[in-house]
Protein chains: 2
Amino acid sequence: MATIHQVAKQAGVSVATVSRVLNGQNSVTAKTRIKVEDAIKKLNYEPSLLGRNLRNSESRLLLVLIPNISNPFYSEIINGIENTAIELDYNILLCETDTNAERENIYFDLVRKKMADGIISMDPAVNTDTLIRLAENHAIIQCSEYAVDSGIPYVTIDNAEAAYRAVKYLIKIGHQQIALINSDKKYLYARQRQLGYQKALEESNMELEDSLIVHTQGLDFSYGQQAMKKIFMQKERPTAVFAVSDMLAIGALKEIHNQGLKVPEDIAIIGFDKIAFSNMTHPTLTTISQPMYEMGEAAADMLVKKIQGEEVESLILDHELVIRESTLG
Amino acid sequence: MATIHQVAKQAGVSVATVSRVLNGQNSVTAKTRIKVEDAIKKLNYEPSLLGRNLRNSESRLLLVLIPNISNPFYSEIINGIENTAIELDYNILLCETDTNAERENIYFDLVRKKMADGIISMDPAVNTDTLIRLAENHAIIQCSEYAVDSGIPYVTIDNAEAAYRAVKYLIKIGHQQIALINSDKKYLYARQRQLGYQKALEESNMELEDSLIVHTQGLDFSYGQQAMKKIFMQKERPTAVFAVSDMLAIGALKEIHNQGLKVPEDIAIIGFDKIAFSNMTHPTLTTISQPMYEMGEAAADMLVKKIQGEEVESLILDHELVIRESTLG
DNA sequence: ATGAAAGCGCTAACAT
DNA sequence: ATGTTAGCGCTTTCAT
């Protein structure tokens with residue numbers, strides 16, 4: 001492993017000149033440049049990022065915090081983040097918190113200790129206080145879930161409006177008993193989507209029945225299935241279900257099938273996110289499309305700007321109701 | 001941002017002593033230790049990993065190479081890798097190649113330039129020559145897909161045997177016309193699984209019909225769906241389908257439904273991987289279970305050992321045939 | 001037990 | 001256009 005010194009010696013120039021060639025500065029004669037390039041080739045030299053990063057006080061690493069990599073919703077966002085990061089000559093450090101504060105802290109240490117230049121947090125369960133304190137000295141962006149009035153820039157969608165539209169649509173096609181499968185109320189998006197659900201019901205003078213609202217402990221399929229079981233235990237069966245994520249909706253769909261019922265004939269169902277799977281279920285799932293890839297792109301862009309000291313504005317991107325088979329008929 | 005010098009000054013000791021306290025060396029008096037710890041607290045000092053890493057010539061980062069983060073098969077493996085890495089005080093740099101050589105090279109540069117201490121490659125499309133050359137100077141482990149006789153340690157399963165068992169089972173329950181939805185033959189696992197398929201047919205004196213073997217260009221649902229369409233265009237319809245991944249199987253299932261046929265009554269179907277979603281389809285999918293989490297753990301363990309200069313042996317883990325509804329009846 | 005000092009590999013300010 | 005040199009923040013050898 002050659003160092004810049006050996007290259008300098010081999011080329012018969014100073015390390016400064018080698019550095020200049022390395023960084024594409026134009027104050028180097030073509031002749032010298034060639035000499036240096038030859039030496040680099042001959043020695044098979046690769047500049048060490050450890051040295052460069054220490055000198056530049058940067059790591060060019062972005063920390064991406066997600067609760068769970070197995071959730072396809074995050075995969076798509078990460079896609080967007082990574083492509084943008086590469087474009088800007090950054091790389092991403094993927095960190096799964098499993099909604100575990102201790103784990104989270106290990107990752108936060110990475111930025112405290114300068115091993116990461118900034119954070120994109122997508123963990124709804126993140127400790128907001130810690131995050132805000134961290135944001136005083138470090139570049140942080142929130143993606144999807146965010147802390148209101150924290151001063152931390154975020155990129156998200158209008159959750160209340162999206163849920164409102166979904167439920168409004170169910171009402172429009174004739175549903176009067178609409179269940180809600182929501183995640184834990186401690187999450188902002190869960191509260192926002194519930195607000196949209198309630199607003200739609202109220203506007204149509206439909207009663208809000210607590211027995212039709214189920215909160216889950218997690219976002220895996222299994223939680224959706226459990227939630228649907230719970231709904232089936234009520235005296236009156238709803239004619240439609242709105243789930244706040246496709247994963248939950250797909251679990252619910254499974255349970256509806258298990259009960260020998262048909263979607264959408266017996267029960268209609270709407271999900272949220274438009275993950276790839278949602279088009280492979282039978283029937284295909286009506287859902288709210290979130291621009292996941294774009295959210296990732298935007299978050300990465302914003303974070304790098306923030307790292308470079310620019311001010312950045314929060315972003316609310318558009319969503320869309322995608323009507324498919326699970327609400328047809 | 002305090003440095004070790006400021007801490008030393010504040011505590012009235014030398015930087016060496018601070019470093020000793022930081023690294024838990026016991027050659028420090030309790031009294032001095034307290035002084036240093038107080039100074040650290042007072043100055044809110046966090047040791048810079050940039051400095052430490054340069055000094056130690058390591059990054060404590062593991063590069064994880066995957067073709068596509070959206071494939072749940074990889075998510076589970078990454079889970080195992082990350083948990084093990086954290087345990088060993090490493091972090092992971094997640095890199096999606098999109099089966100793109102240029103992109104791949106950007107990531108390889110990260111280890112060439114010392115920003116990563118080693119690589120776990122899960123990309124079946126990785127350039128084997130490049131990888132082997134890189135392995136001369138760097139720690140590399142392959143996971144799932146591997147290069148035969150390359151000298152690069154790997155962790156995988158017995159693909160031929162797994163496919164053999166799946167097809168054997170289909171034959172046992174009475175199927176005589178079994179289609180194979182395979183991915184591109186350029187991948188080792190694809191060739192191995194096809195070998196298992198062929199062996200099972202041969203053992204039962206069943207003819208190998210080229211028209212029943214379809215190769216896909218990718219692993220998304222859509223490719224499985226397309227493949228199934230192709231199979232339906234043949235004169236005789238198979239009574240069973242073996243797909244080399246759950247994603248493909250789920251796409252095929254979709255197309256079978258679209259044709260108005262029933263699974264398993266009209267066509268049985270077996271997938272591969274046992275991704276979470278394979279239990280949410282209707283009917284649930286019979287599949288080969290790969291120990292994905294364990295593969296990730298093993299790969300990370302092996303890589304860190306390799307980084308530390310130990311010799312490591314390749315590993316072939318157990319698989320299992322999981323019989324569910326899609327082959328019942 | 002503690003300190004002084006060298007050096008990991010690089011960049012950039014300053015000098016020529 | 002090129003070289004000299006300081007220094008980024010840390011660890012560790014060698015003295016004491």
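Every heavy atom of this structure was used, including side-chain atoms; hydrogens, water molecules and symmetry mates were not. Since this is a predicted model, take the numbers as computed values, not measurements. A, B, ... follow the sequence lines: proteins, then strands. Residue 1 opens every chain.
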Participant: Going through the checks in order, is the side-chain hydrogen bond (donor to acceptor under 3.5 Å, both in side chains) test met by Asn91(A) and Tyr107(B)?
Facilitator: CA-CA 9 Å; Asn91(A) 280 285; Tyr107(B) 294 131; 4.9 Å; no
Participant: What is the distance from atom OG of Ser14(B) to atom NZ of Lys9(B), rounded to the nearest 0.5 Å?
Facilitator: 15.0 Å
Participant: Run the ring pair (Phe, Tyr, Trp, His ring centres under 6.0 Å) test against Tyr154(B) and tell me which residues pass, sequence neighbours left out.
Facilitator: Tyr146(B)
Participant: Just by protein heavy atoms under 4.0 Å, how would nucleotides 10-16 of chain D read 5' to 3' in B, S and -?
Facilitator: BBBB---
Participant: Does atom CG of Asn23(A) have more than 12 heavy-atom neighbours from other groups under 6.0 Å away?
Facilitator: yes
Participant: Can you give me the bend angle of the helix from dA1(C)-dT16(D) to dT16(C)-dA1(D)? Use the axis through the first five pairs and the one through the last five, nearest 10 degrees.
Facilitator: 40°
Participant: To the nearest 0.5 Å, what is the distance between CD1 (Ile81(B)) and CD1 (Ile86(B))?
Facilitator: 12.5 Å
Participant: Between Lys114(B) and Val13(B), name the one whose nearest nucleotide on DNA chain C is closer to the 5' end.
Facilitator: Val13(B)
Participant: Could you state the interatomic distance from CD (Gln142(A)) to OG (Ser314(A)), rounded to the nearest 0.5 Å?
Facilitator: 9.0 Å
Participant: Working to the nearest 0.5 Å, report the span between CG of Leu93(A) and CG of Leu93(B).
Facilitator: 6.0 Å
Participant: If you draw a 6.0 Å radius around CD in Gln308(A), do more than 12 non-hydrogen atoms from other residues or ligands fall strictly inside?
Facilitator: yes
Participant: Would you give the length of the straight line joining atom CE of Met1(A) to atom CD of Gln6(A), rounded to the nearest 0.5 angstrom?
Facilitator: 10.5 Å
Participant: Could you tell me the boundaries of the chain A footprint on DNA chain C, defined by atoms under 4.0 Å from its heavy atoms?
Facilitator: dG9(C) to dA13(C)
Participant: Among residues 26-42 of chain A, which ones have heavy-atom contacts with DNA chain C below 4.0 Å?
Facilitator: none
Participant: What is the nucleic acid contact for Leu50(B), judged by heavy atoms within less than 4.0 Å: base, sugar-phosphate only, or nothing?
Facilitator: nothing
Participant: If you count the non-hydrogen atoms of other residues, nucleotides and ligands that lie under 6.0 Å from CD in Glu87(B), is the total more than 12?
Facilitator: no
Participant: Just verifying a value: how many Å separate Ile140(A) CD1 and Arg133(A) CZ, rounded to the nearest 0.5 Å?
Facilitator: 11.0 Å
Participant: Evaluate the side-chain proximity of Phe108(A) to Val126(A): yes if any heavy-atom separation is below 4.5 Å, no if none is.
Facilitator: yes
Participant: Which donor-acceptor pairs under 3.5 Å do side chains of residues 38-56 of chain B form with protein atoms, sequence neighbours excluded?
Facilitator:
unit_1	atom_1	unit_2	atom_2	d
Ser48(B)	OG	Leu50(B)	N	3.1
Ser48(B)	OG	Gly51(B)	N	3.3
Asn53(B)	ND2	Leu49(B)	O	3.1

